[in-house]
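The block underneath contains the structure these notes are about, expressed in structure tokens.
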Amino acid sequence: LITVPLWLSKINGLERALVLLLISIGLSSAVTLLVESQVGIILSILIVPITLHVIAWPSLRLAYAVKIARNRAKQELFHVHTDYSHDGTLNRRNLGEFLAKRPWKRIYLTDHAEDFSAKRYEQLKDNYRGLAPEVVFGLEYEIKGISHVYHILACDLSRFVYLNETSLDEALQKLREEAKLLIWAHPRIAFSQLRKWRYNRELLQILSSVDGVEIHNNRNADRFRFKLSMLLVAWLLCFLFGTRVVYIGIDAHSLHDLI
């Protein structure tokens, strides 16, 4: 269910439709064979539209979004930290030299918000403006939830936003007012917390507030559980709220991360 969208993103639209239709018919046939009665026939008839609605359409939306993300990643660098972050070593000089030899047209600078003030954010913009054909300035905010901290990338942020001890609702609302794009960075689901209503409400709140999620993060590319969680979050986003944006994040803190 979760890996199907990645495979679907590599084939064309007609092939996707045929594959999903075959899956539906296969499930329908299986029910008919297993339950040889009128109830089984009725269930087999219902399975096709239910499968298409619950699995096929969200999977198609996600497959399409992943395909766009792959094409976008060839032209832009998303989720990059500079030396303005406490753990970043990229500066104007080495980053500029790296970009000069590559075809990327856009770079998203998303330094850690806890290292900033309003004045420092303006200094960042002054220092890195003109680095690439298009530089999108933003910050990575850490918002504390019930079970873990959510990392939200506020991209194209007009001004620095102070969150301090604001609640999750207030923090998302403030960022929504000042940023043109909100992305949930390296998302994960606390499976042990899913039985708690408060956590499920919080999860839905995050999903309904962001414009999209990271579908891939270079720093966690080798962790299967992490990748599975990101795919699940992206699938839930498409299932609950229709088409959303997914991004392939570099999460670069050094020149080595970019290479």
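Bear in mind that the values here come from a model prediction, so they are computed numbers and not experimental data.
Residues H112 and H253 bring their aromatic ring centres within 6.0 Å.
Contact between D111 and S85 at its shortest, heavy atoms only, is OD1-OG, 2.6 Å. Across all their heavy atoms, L157 and G138 have their closest contact at CB-CA, 4.2 Å. Shortest non-hydrogen contact noted between L163 and A171 is CD2-CA, 3.8 Å. Across all non-hydrogen atoms, the minimal contact from N94 to L255 is O-CD1, 4.1 Å. Nearest heavy-atom pair across K180 and D211 is O-OD2, 3.9 Å. M230 and H186 make their closest contact through SD-CA, 3.9 Å (heavy atoms, listed as atom of the first residue, atom of the second, distance).
A salt bridge links K125 with E122: the distance from a Lys NZ or Arg NE/NH1/NH2 to an Asp or Glu carboxylate oxygen falls below 4.0 Å. Between E97 and R93, at least one side-chain N (NZ, or NE/NH1/NH2) sits under 4.0 Å from a carboxylate O, which counts as a salt bridge.
Between the side chains of H151 and E140, a donor-acceptor pair is found at a separation under 3.5 Å. Inspection of the Y150 and E202 side chains reveals an N or O donor paired with an N or O acceptor under 3.5 Å.
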- Item | side-chain contact (heavy atoms from CB on, under 4.5 Å) evaluation trace for I68 with Y64 | CA-CA 6 Å; I68 291 175; Y64 180 67; 3.3 Å; yes
- Step by step, would you call V66 with I248 a side-chain contact (heavy atoms from CB on, under 4.5 Å)? CA-CA 9 Å; V66 169; I248 293 174; over 6 Å; no
- Query: When you look at V136 and I107, which way does the side-chain contact (heavy atoms from CB on, under 4.5 Å) test go after all the steps?
  - Reply: CA-CA 6 Å; V136 181; I107 180 171; over 6 Å; no
- Task: Please assess I143 against V149 for the test side-chain contact (heavy atoms from CB on, under 4.5 Å), listing each intermediate value before the final yes or no.
- Result: CA-CA 6 Å; I143 306 175; V149 175; 5.8 Å; no
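A 6.0 Å sphere centred on CZ of R129 holds more than 12 heavy atoms belonging to other residues, nucleotides or ligands. The environment of R188 atom CZ is sparse: at most 12 non-hydrogen atoms of other residues, nucleotides or ligands sit within 6.0 angstrom.
Ring planes of Y121 and F116: perpendicular class, angle over 60° (limits at 30 and 60°). Ring planes of H79 and H81: tilted class, angle from 30 to 60°.
In this structure, CG on L168 lies 4.5 Å from CD1 on I206, to the nearest 0.5 angstrom. With rounding to the nearest 0.5 Å, the separation of CD in E214 from CZ in F78 is 6.0 Å. From R92, atom CZ reaches atom OH of Y84 across 10.5 Å, with rounding to the nearest 0.5 Å. The CD atom of Q123 sits 7.0 Å away from the OG atom of S117 when rounded to the nearest 0.5 Å. Interatomic distance, E170 CD to L175 CG, rounded to the nearest 0.5 Å: 12.0 Å. With values rounded to the nearest 0.5 angstrom, L172 atom CG is found 8.0 Å from S208 atom OG.
Between T89 and T82, the closest side-chain pair of non-hydrogen atoms is not below 4.5 Å. Put simply, the side chain of W184 does not reach to within 4.5 Å of the side chain of Y247, judged on heavy atoms. Here the side chains of K105 and E76 are not in contact, with every heavy-atom distance at 4.5 Å or above. Side-chain contact between V233 and I189 is present, with at least one heavy-atom pair separated by less than 4.5 Å. The side-chain heavy atoms of Y108 and L77, taken from C-beta on, include no pair separated by under 4.5 Å. Residues C155 and T110 form a side-chain contact, since some pair of their non-hydrogen atoms from C-beta on lies under 4.5 Å apart. By the 4.5 Å heavy-atom criterion applied to side chains, D257 and L90 are not counted as neighbours. Residues I183 and V210 fail the side-chain proximity criterion, which asks for heavy atoms closer than 4.5 Å.
The cationic atom of R201 (NZ for Lys, CZ for Arg) does not lie both less than 6.0 Å from the six-membered ring centre of Y199 and within 45° of the ring axis.
If you chain together hydrophobic residues whose side chains sit under 4.5 Å apart, L204 and I146 never meet in one group.
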